[in-house]
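The structure under discussion appears below in the form of structure tokens.
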Amino acid sequence: MKNSSDFEFDDLQGLLRFGHGKLTDTCFMLLNIVDATAARQWLNSAPVSNAVETEILPKTALQIAFSAQGLQAIGVKDSVIEGFSDEFITGMSGDESRSRRLGDVDKNAPKKWLWGGNTAQIPHILLLLYALPSGIDSWRKTVQGKKFSKAFKVLSQLPTQYIGEIEPFGFADGFSQPSIDWQRQQSTDPHDRNGYSNVLAVGEVLLGYPNEYGQYTARPLINPIADKDAAILPNAEDVSGLKDFGRNGSYLVLRQLDQDVPGFWQFVAKAAGSDPEKRKQLAAAMVGRNIDGKPLVSTIVEDIPGIERTDNRNHFTYDADPVGHECPIGAHIRRTNPRTGDLPLGVTGFISRLKKILGFGESRHDEDLVASSRFHRLVRRARTYGPMLTPKDAIKPDAPTDERGLQFICLVANIARQFEFVQNAWAMSSKFNGLQQESDPLLGHRQPLMSGEVTDQFNQPTPAGPMQKTCPLPQFITVRGGGYFFMPGLRALKYLATLPSQGSDSTS
Amino acid sequence: MTPQSTFMICAPVRDGQLDSLRKLLAKMNTAKAVGHADPANKLVAFGRFERLHFARFTIIETKIADEIKAFGVTPRPWQSTLAFLGDCDGDKDSFLAELVAHAEPGLTKLFSFCVGFPDANSEGLLAWMKSHHVEPKASYVNWIGRTVKQVHEEAALHQSLSAYLQRIVDEVGRENTRELRQQLLSHVEMEKQAGRLILTPPTPTPCVWQVCNLLHKIGIPLLLLLVSPLLLLIAPFFAIRLRMLERSDPELFIRPDRKHIQTLSAQEDWDVTNQYSVFGDVKPGIFRRLTFEFILLLTHYAARHIYNHGFLARIKSIHFARWVFLDNDRRAFFASNYDGSHESYMDDFINKAGWGLNLTFSCAVGYPTTRWFIKEGAAREQAFKYTQRRHQIPTEVWYKAYPDLTATDLVRNSRIRQGVEIRPASDAKIREWLSLI
């Protein structure tokens with residue numbers, strides 16, 4: 001495969017390749033299937049957007065994703081659903097152990113969610129509609145068409161509101177993304193991956209392709225002899241004779257994150273004092289970037305595969321700042337993507353490589369705790385909700401307290417190794433990278449550990465020695481809903497649309 | 001320096017007694033966290049044993065013993081076995097005696113579910129435990145010589161210094177490192193005098209241990225040197241045979257049961273540290289068994305003499321680990337205590353030390369196919385994660401003497417103490433010391 005144009009972009013949903021950034025008017029709907037036959041008919045003619053690049057930017061887009069319950073409701077056999085990962089089948093809220101791991105406890109607990117928090121109430125379908133400003137109503141009518149109301153019950157429309165290329169706290173957001181290796185040119189061999197690369201194997205985002213281990217992630221493969229309808233599905237690349245229901249599809253993780261914007265800025269104001277510059281510094285230290293997106297560490301001159309040298313918001317790693325004097329180790333963006341390669345720094349030849357592999361030659365006890373970022377990357381497609389509130393207004397004691405936040409969306413091929421790992425081991429862990437008593441300054445739930453050790457601090461290492469401590473941090477972000485979905489490829493959608501009716505039709 | 005030792009008492013459970021044993025074991029746990037021992041539980045009050053780092057009761061069962069059939073071998077019968085294992089400071093025998101002295105009724109009650117537990121007039125509990133002790137083939141200690149007492153004292157020191165530093169840092173000035181250090185040192189002195197901080201000096205290393213350790217340290221390489229001509233001679237045959245087996249061994253790509261995973265994960269992520277117990281068959285044939293033994297001999301050597309202060313190759317998150325052979329060396333059991341979630345433990349291992357996993361586990365049934373012993377294997381991520389979860393067994397009761405603390409915390413706290421007791425050589429070193437607090 002030489003050109004990216006050789007990739008079958010016509011079979012994957014557009015969201016995997018584009019953020020639909022220009023389409024700022026959105027409508028995210030949670031649906032339940034009430035009539036499976038009608039749902040399949042609707043799906044058959046649904047104008048789902050693919051990922052082919054067009055000369056004229058499209059004015060609208062439609063993407064669709066199913067929960068495990070949704071696949072079942074539209075008629076997919078259990079044996080096929082069983083081919084998906086456990087995380088997807090059990091669901092984000094379906095197991096207390098998972099909630100504990102994800103930090104969905106206390107105020108974040110699923111039982112307090114607005115949606116998706118109860119296994120009996122998992123939405124079947126997530127429908128994502130995008131349009132140019134003020135174009136969403138007519139697009140929604142077009143999308144819904146005739147069969148829609150017969151087929152589905154709209155459980156809720158998730159709030160979304162465009163406030164610019166920022167997240168509700170006011171920071172520039174969404175511009176740091178992995179660069180997908182559509183041409184499959186980058187080696188996944190650890191010998192070639194000492195340093196950080198932003199290029200990511202297709203199989204880390206799409207099912208049906210080799211991932212960063214050079215392996216195919218498990219997914220439902222269907223024998224077309226037993227299931228004639230499966231003939232329209234793509235072939236499994238790794239198993240001859242089988243059809244791949246997962247190929248060109250991706251898991252979609254959705255979390256509704258309520259952001260307490262006045263709470264955040266008022267805390268920053270209180271902690272940093274009256275000097276506006278100090279406030280900016282503290283907030284930036286917590287995020288790891290200035291409000292305009294400029295990283296706290298300097299850009300570097302060495303090449304980073306997958307990042308343009310001119311991209312001064314992204315052309316950096318933390319290699320030159322190992323202890324966090326420029327950007328605290330615990331800063332949000334340093335936690336969620338530590339930008340590490342497979343080996344610690346300083347590998348120059350065979351001997352030094354061997355030394356590092358065997359664990360020798362380190363100067364600090366907390367070196368090399370976090371490596372191989374490439375196995376834990378997310379393609380993010382979040383949208384904001386709630387009206388804009390500038391930091392200046394948020395600091396005022398009478399700041400409006402409308403609901404604001406993020407419909408956090410990420411696309412991954414392995415929920416456990418990508419989303420859950422980042423959320424658990426990197427963001428929520430108060431022990432991330434040798435830190436003490438602090439979890440993610442933005443996402444943390446501030447609950448103490450089992451024996452009472454606090455997690456509500458934020459520590460900035462300083463060249464003088466003693467850490468600059470900020471505490472106790474209140475909880476700024478609360479989970480209000482969430483779910484694991486599967487966003488099928490377009491042929492897989494056709495397959496769903498042509499599934500035979502089953503006895504369970506027209507029940508909910 | 002007080003070296004650590006391990007114990008593992010194993011005995012088959014009487015037929016039909018498993019459920020009641022499980023119920024009894026569950027009574028040892030706290031209501032707060034599934035599978036986590038109440039340190040003051042009535043049966044074995046782990047918390048009162050000052051020398052005990054970690055302990056667990058696990059019932060070693062074979063739910064997937066049939067997998068060996070893929071090798072054309074009939075599974076050997078296995079009777080579910082109660083295992084009580086732990087890691088302690090000082091020698092094992094005196095610790096077992098201490099256990100019996102303070103927890104005899106509880107232990108008697110627990111072991112009375114086991115086959116062959118003595119009647120009233122036969123050997124006593126201690127002798128019975130000793131005769132049912134299984135020595136590991138290899139064991140790993142994160143930091144040889146670091147005692148439970150030391151861990152607690154140093155954690156208290158860290159806490160005290162951290163709070164005090166916050167109180168004085170603005171007044172003294174962040175840049176005024178020497179003055180900060182002086183004040184912190186006097187604070188420690190005051191706290192010590194007030195009895196709120198204790199920093200017990202290390203005890204002398206036992207002579208017998210020192211001699212044995214030295215003999216082991218020199219003896220193994222000497223022995224290897226002696227047999228090296230032989231090893232060289234068989235190396236090509238070994239390589240050929242290994243490659244043949246690697247090509248022909250069946251790969252068992254079997255997804256673990258979801259219920260099984262839920263049972264396991266229900267016990268995880270309550271504390272920052274988790275337990276891991278895994279049990280399976282050694283691949284059939286003398287070649288695999290001897291290779292396994294040899295690798296574990298080297299592993300044990302490396303753990304004892306090379307990786308004995310904070311890291312096992314690139315892995316720094318393991319507190320204690322052991323490899324044990326059971327059933328006449330036909331089966332292998334591995335247990336560890338590690339920091340972070342299960343997923344991050346596995347990812348860390350695959351990405352940082354996959355070669356080590358391959359060496360130390362690929363002679364077990366179900367392990368993903370390796371190439372030249374160290375290649376592939378664990379890097380077949382999904383197959384590896386499936387097989388390790390499939391072979392994992394729940395731990396009924398798990399105890400850790402220092403909840404909330406990771407291995408990295410322990411190393412940091414020791415370094416903080418070192419900075420109290422030994423004057424840092426330069427201002428830069430003082431700053432580094434202050435940054436740890």
Side-chain angles (χ1 to χ4, degrees), chain A residues 82 86 89-90 95-98 100-101 190 211-218 323 342-344 356-360 362 364-369 371-372 375-376 414 416-417 420-421 424-426 429-431 433-434 436-437 448-453 461-469 471, chain B residues 32-33 36 158 162 165-166 169 174-175 177 180 255 258 261-262 265-272 307 310-317 339-341 343-344 347-348 350-355 379-383 385-386 402-406 408-409 411-412 415 430-435 437:
Chain A
E82 280 298 321
D86 285 339
I89 296 170
T90 315
D95 181 1
E96 212 182 298
S97 307
R98 168 161 295 107
R100 192 167 62 245
R101 237 171 18 242
N211 59 22
E212 282 288 333
Y213 288 106
Q215 305 275 313
Y216 291 82
T217 306
V323 285
D342 283 5
L343 279 179
K356 293 285 179 187
I357 287 176
L358 295 174
F360 298 109
E362 291 185 11
R364 297 190 334 271
H365 73 282
D366 53 357
E367 235 172 284
D368 192 29
L369 290 174
S372 303
F375 299 106
H376 315 288
N414 187 326
R417 172 159 62 74
E420 291 188 348
F421 182 98
N424 162 272
W426 286 356
S429 168
S430 69
K431 305 288 185 178
N433 211 346
Q436 26 177 325
Q437 306 177 337
L449 297 179
M450 196 169 89
S451 281
E453 186 177 300
T462 66
M467 288 182 290
Q468 177 84 48
K469 230 178 243 294
C471 66
Chain B
K32 277 193 295 184
H36 287 55
H158 172 224
S162 176
L165 180 60
Q166 280 317 299
V169 69
R174 202 167 289 279
E175 311 282 337
T177 41
L180 281 174
R255 188 162 157 173
R258 207 152 45 240
I261 295 203
Q262 277 166 0
S265 55
Q267 304 178 334
E268 293 166 358
D269 303 312
W270 296 96
D271 182 38
V272 293
Y307 295 119
F311 60 100
L312 178 58
R314 287 175 69 196
I315 310 287
K316 297 177 177 175
S317 52
D339 297 325
S341 70
E343 178 79 21
S344 70
D347 285 347
D348 231 20
I350 299 169
N351 300 335
K352 286 181 174 168
W355 59 273
R380 295 170 180 259
E381 179 218 1
Q382 196 126 48
K385 284 180 179 169
Y386 279 179
Y402 25 87
D404 293 1
L405 293 176
T406 62
T408 312
D409 286 332
V411 177
R412 183 199 53 233
R415 290 192 53 186
I430 298 180
R431 281 197 289 273
E432 200 184 316
W433 178 70
L434 287 169
S435 77
I437 301 167

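Below, chain A is the first sequence line, B the second, and so on; all start at residue 1.
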Between Arg100(A) and Glu268(B), is there a donor-acceptor pair closer than 3.5 Å when you use the side chain of the first and the backbone of the second?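 Looks like yes, one N/O pair under 3.5 Å.
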Using modelled atom types only, decide if a donor and an acceptor are shared between the side chain of Lys352(B) and the backbone of Asp368(A) within a distance under 3.5 Å.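 Yes; judged by distance alone, with no hydrogens or angles, the pair exists.
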Between [X] and chain B, which part of the residue has a heavy atom less than 4.5 Å away: side chain, backbone, both or neither?
X	answer
Ser451(A)	both
Glu82(A)	both
Pro448(A)	neither
Ile357(A)	both
Glu453(A)	both
Asn424(A)	side chain
Ala416(A)	both

Distance, nearest 0.5 Å, that separates OG of Ser97(A) from CD1 of Ile261(B):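 The distance works out to 11.0 Å.
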Rounded distance [0.5 Å steps], CD in Gln437(A) versus OG in Ser162(B):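 Result: 6.0 Å between the selected atoms.
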If you measure from the Lys or Arg side-chain nitrogens to the Asp or Glu carboxylate oxygens, is any gap between [X] and [Y] under 4.0 Å?
X	Y	result
Arg314(B)	Glu362(A)	no
Arg412(B)	Asp366(A)	no
Glu343(B)	Arg101(A)	no

Testing Asp347(B), Asn351(B), Asp348(B) one by one against Ser372(A) for a side-chain contact (heavy atoms from CB on, under 4.5 Å), which residue passes?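 Testing Ser372(A) for a side-chain contact (heavy atoms from CB on, under 4.5 Å) against Asp347(B), Asn351(B), Asp348(B) leaves exactly one candidate, Asn351(B).
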More than 12 non-hydrogen atoms from neighbouring residues, nucleotides or ligands closer than 6.0 Å to CD on Glu96(A), yes or no?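 No, the 6.0 Å shell around CD holds no more than 12 heavy atoms from other groups.
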Residue pair [X] / [Y]: nearest heavy atoms and the distance that separates them:
X	Y	value
Thr90(A)	Gln262(B)	CG2-NE2, 3.7 Å
Asp95(A)	Ser265(B)	OD2-OG, 4.0 Å
Arg364(A)	Lys316(B)	O-NZ, 4.0 Å
Phe311(B)	Gly359(A)	CE1-O, 3.2 Å
Ile350(B)	Tyr213(A)	CG2-CE2, 3.6 Å
Arg174(B)	Pro466(A)	NH1-O, 3.0 Å

What part of [X] lies closer than 4.5 angstrom to a heavy atom of chain A: side chain, backbone, both or neither?
X	result
Trp433(B)	neither
Ile437(B)	backbone
Ala353(B)	neither
Asp409(B)	side chain
Ile315(B)	neither

Report yes if the side chains of Val323(A) and Glu432(B) come closer than 4.5 Å at any heavy-atom pair, otherwise no.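 The answer is no, as the side chains (C-beta and beyond) never meet within the 4.5 Å cut-off.
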Most heavy-atom pairs under 4.5 angstrom with chain A, which of [options]?
options	answer
Lys32(B), Arg258(B), Glu175(B)	Arg258(B)
Gly340(B), Gly354(B), Ser317(B), Ser344(B)	Ser344(B)
Val272(B), Ile430(B), Thr177(B)	Val272(B)

What residues form a ring-ring contact (aromatic ring centres under 6.0 Å, His included) with Tyr386(B), not counting sequence neighbours?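 Listed in chain order: Phe253(B).
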Under the side-chain contact (heavy atoms from CB on, under 4.5 Å) criterion, do Asn414(A) and Glu381(B) qualify, and how do the steps go? CA-CA 11 Å; Asn414(A) 187 326; Glu381(B) 179 218 1; 3.6 Å; yes
What residue in Met467(A), Gln215(A), Gln436(A) has the most heavy-atom pairs under 4.5 Å with chain B?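 Of Met467(A), Gln215(A), Gln436(A), Gln436(A) has the most heavy-atom pairs under 4.5 Å with chain B.
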Would Thr408(B) and Lys431(A) satisfy side-chain contact (heavy atoms from CB on, under 4.5 Å), going step by step from the backbone distance to the final call? CA-CA 9 Å; Thr408(B) 312; Lys431(A) 305 288 185 178; over 6 Å; no
